[in-house]
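Below is one structure, written out as structure tokens; the observations come after it.
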Amino acid sequence: MTSRATSVRPAPGRRPHRRTLIGLVVALVAALAPTGLTPPAQAAPVLLSQGRPATASSTENAGTPAAAAVDGNTGTRWSSAFSDPQWLQVDLGTRATISQVTLVWEGAYARAFQLQTSDDGSAWTTVHTTTAGTGGTQTLTVSGAGRYVRMYGTARATGYGYSLWEFQVYGETGGGTPTCGSANAALGRPATASSTESAGLAASAAVDGNTGTRWASAASDPQWLRVDLGSTQTICRVVLNWEAAYGRAFQIQTSADGSAWTTIYSTTTGTGGVQTLTVTGSGRYIRVYGTARATGYGYSLWEFQVNTTGGTTDPGIPPTDPRNPNFGPNTFVFDPSTPTATIQSRLNTLFTQQETNQFGPQRYAVLFKPGSYTADVNLGFFTQVAGLGLSPDDVNLNGHVRVEAFWMGGNATQNFWRAAENLSVTLPAGVTVERWAVSQAAPYRRMHLRGAQNQIQLWNGGDGWSSGGLMADTRIDGLVVSGSQQQWYSRNSEFGNGWTGSVWNMVFQGVVGAPAPHFPNPSHTVIPQTPQVREKPFLYVDGTGEYRVFVPALRANSTGTSWYGKTPAGSSISLSQFYLVQPGTSAATINAALAQGRHLLFTPGVHHVTEPIRVDRPDTVILGLGLATIQADNGTVAMRVADVDGVKVAGIMFEAGQVTSPVLMEVGPPGSAASHAANPTSLHDVFFRIGGPGVGRATNTLTVNSDNVIGDHMWLWRADHGDGVGWTVNTADTGLTVNGDNVTMYGLFVEHYQKYQTVWNGNGGRTYFYQNEMPYDPPNQAGWMNGATRGYAAYKVADSVTSHQAWGLGSYCYFNVNPAVVADRAFEVPTNPNVRFTNMVTVSLGGVGTINRVINNVGETANAAHQQSYLTNYP
């Protein structure tokens, strides 16, 4: 577009008698067999863990703390929450060589677990793994080294948590040389430089994980680039990814204070390209110090990567602290004690940077903890603002959460990729208008605009156009004014003073306060209920200060919001069960986290993958902050979801790389046939992009092979503008292919693909709201033919399909490269009474190009002389 309810467990001290008896038996056995609990007779190895500091992912209650497992008392124990995974960790105080671990289990033991070591408590190496744990007393011979040792449980043998009377670690202090880790310690850290060539070539660009951005210096010697690692690190490797302007002579230096420097590497014969340097040194600060350039230009680095010891070349999956999580440098969390000026300054800085930054790699999330604030949130590209309450009303912003279109002279047709979620807004005194002038991929979700006298305008409020959007699970006390919005989808919302306005395609589903059904003038398609939907999972902070993710329950035949005047149904997951993915993390590490039973939270940024992310476990949650983007490099598939129940993917953007991917995301392998009717997989605010920031290519974009999948707001876009755009450049055949049965799409946007935009091969499919633009750029009619048919339909239902329904559809053409191009039809479906399409429109935008028929051979032509064509029913 251009122009599961939470388990209830016994109270502390009131556990079931069966568990108590088992525990007493274990304790008695242990007392009768003390040799299993004492160190070996020889002087070495020795018991290292007793009395050392211990932590855990969770505790069942205050009487079962982590420390009880290392106190040498077999009558006290640690026990965890009743979920997977869980861990118990002990700090030995110094690095040690580990030779034996003894686990004395209470009746609640681990069926599957790992023993892991670490030098820093962050990067972990597995030294023992089993999926056939026996419980009782397990004495395990291991080989490893580290300061920290943990038991990492991934599958419980009972319905209770994990419980250890004692966790004993044996070995010798000292240990061997730690390995050089693969994690980039410089990624996202503060960077400074002696100079920059221009504002667009800042020092930070060399540590952002994006090989498409760079730092460049002035054209003189010497010059330097410095990174603050945040704490003293032992540095073992540096990788320099030079642009063509490289350093012939340079040094790598470290410093404890950023003032006195020690050289740990020096050369006068630098080669440029990618240089991987093995070094030995330590410091909080590290810099590359150039003394002789290889060209007449300055020094220029795409990326400056730093590896430290204490890691491992194998994927290390660190625990997540749910009270102090690392959301990365591009997430800003405010609480009511934050000064208003500090909040507003940050918001203003982000907007200034992002107002026109449509294709940059920057991504941001701004999060507000429960409370009241005064703030004017003006959202630019790739910025998400969200409340951290369980209800939107837990966070109130006195001010605005708005989107304007001033950067395009009032035209909002390119106001994409931003989000407002889980907040309430009280407008300033005397102000009655909130503006949300957006087009695709800009959800206004789970929001509350207070005040019956107020209105929200979905356009710039007097000039320009806007084209497409979503409002879901939202309460507007006052009026919604659509203005110039060409199409809009509202679902499960409440409009206190109704809605006004219509252009081509306005769809209301399960909306309290929707206008009366009428089509085509005004073009109001009204579906009274939403048959089955799950709202988008979201991050929140509970009353104890713990971050959690709430997963709303499925609702059937619903109207209105899931939260206003009611307690939302669903389940809550501690953030300790999530792996927080930072930019630069490999797909191998991500998959290792998934294999350990972790959910994923992608922090804001562009995440490059060279192999598929594989989601194989039922009920896995994958949540993105700040429109986190997964880019498929080297022709890989970015994500494959197995044919399992209840996976949720939310707030993620997928992007094609320069090498053609067969598909960016696949839900279920080909031939999937399991029923997921009781617990469907769902996709929420999942967006796809082919081209725009540069060349991107994919044959297909999203393929759904599983049955019963729910799509909740998706935009699949082959770019019509930006960089790397052209008929033979950003090539992509098809947006959405549905092979599964009983798949439902709510709010589906698919645009500009070179063949069919959407192909539906499964039975029982339903689409509520469809917005499409055909490709702008067919060079001529001969170059865009489907056999003898001129062009490709925007929505193709296969001839073999016997049941399908769709409501509120629009397809538009704008053949600006060659206005003589004709599309024979917008919708192509089998003629069958169980295949029913309701309320369709075709539009020739500005009369540039022709859509000959609406559906099959029915409906009027849309062209320069007759630019809109409406059809109410087919057949």
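On a predicted model such as this, the values are computed, not experimentally measured, just so you know.
- Counting only heavy atoms from C-beta outward, the side chains of T383 and V377 never approach each other to under 4.5 Å.
- Counting only heavy atoms from C-beta outward, the side chains of V644 and D616 never approach each other to under 4.5 Å.
- Side chains of F654 and V609 form no contact here, defined as non-hydrogen atoms less than 4.5 Å apart.
- Atom CG of residue L379 and atom CH2 of residue W436 lie 5.0 Å apart, to the nearest 0.5 angstrom.
- For the pair P392/R475, no side-chain contact is recorded, criterion being any heavy-atom separation below 4.5 Å from C-beta on.
- Not counting sequence neighbours, H684 has no partner by the ring pair (Phe, Tyr, Trp, His ring centres under 6.0 Å) test.
- Comment: R446 does not engage E421 in a salt bridge, judged by the lack of any side-chain N to carboxylate O separation of less than 4.0 angstrom.
- The shortest distance between side-chain heavy atoms of Y753 and T701 falls below 4.5 Å.
- Taking the side-chain hydrogen bond (donor to acceptor under 3.5 Å, both in side chains) definition, one finds that D84 meets it with R156, Y162, sequence neighbours left out.
- Using a distance-only test at 3.5 Å, with no hydrogens or angles considered, a donor-acceptor pair links the side chain of N708 to the main chain of H676.
- With sequence neighbours excluded, no residue satisfies ring pair (Phe, Tyr, Trp, His ring centres under 6.0 Å) with Y364.
- Applying the ring pair (Phe, Tyr, Trp, His ring centres under 6.0 Å) test to W417 and every residue at least two apart in sequence or in another chain returns F382, W715, W717.
- A heavy-atom distance below 4.5 Å is found between the side chains of R150 and P319.
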Side-chain donor-acceptor contacts of residues 550-559 below 3.5 Å, not counting sequence neighbours, with atom names and distances?
| residue | atom | partner | partner atom | Å |
| --- | --- | --- | --- | --- |
| R555 | NH1 | T561 | O | 3.2 |
| R555 | NH2 | G560 | O | 3.1 |
| S558 | OG | N492 | ND2 | 2.9 |

Are R323 and T544 close enough, and set up right, to give a side-chain hydrogen bond (donor to acceptor under 3.5 Å, both in side chains), and what steps lead you there? CA-CA 9 Å; R323 299 181 184 279; T544 73; 3.3 Å; yes
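- Listed by chain and number, the residues in a ring pair (Phe, Tyr, Trp, His ring centres under 6.0 Å) with F687 are H713 (sequence neighbours excluded).
- Between the side chain of D707 and the backbone N or O of D741, at least one donor-acceptor pair lies under 3.5 Å.
- Residues F769 and F749 bring their aromatic ring centres within 6.0 Å.
- Checked by atom type, the side-chain pair Q509/R491 shows no donor-acceptor distance below 3.5 Å.
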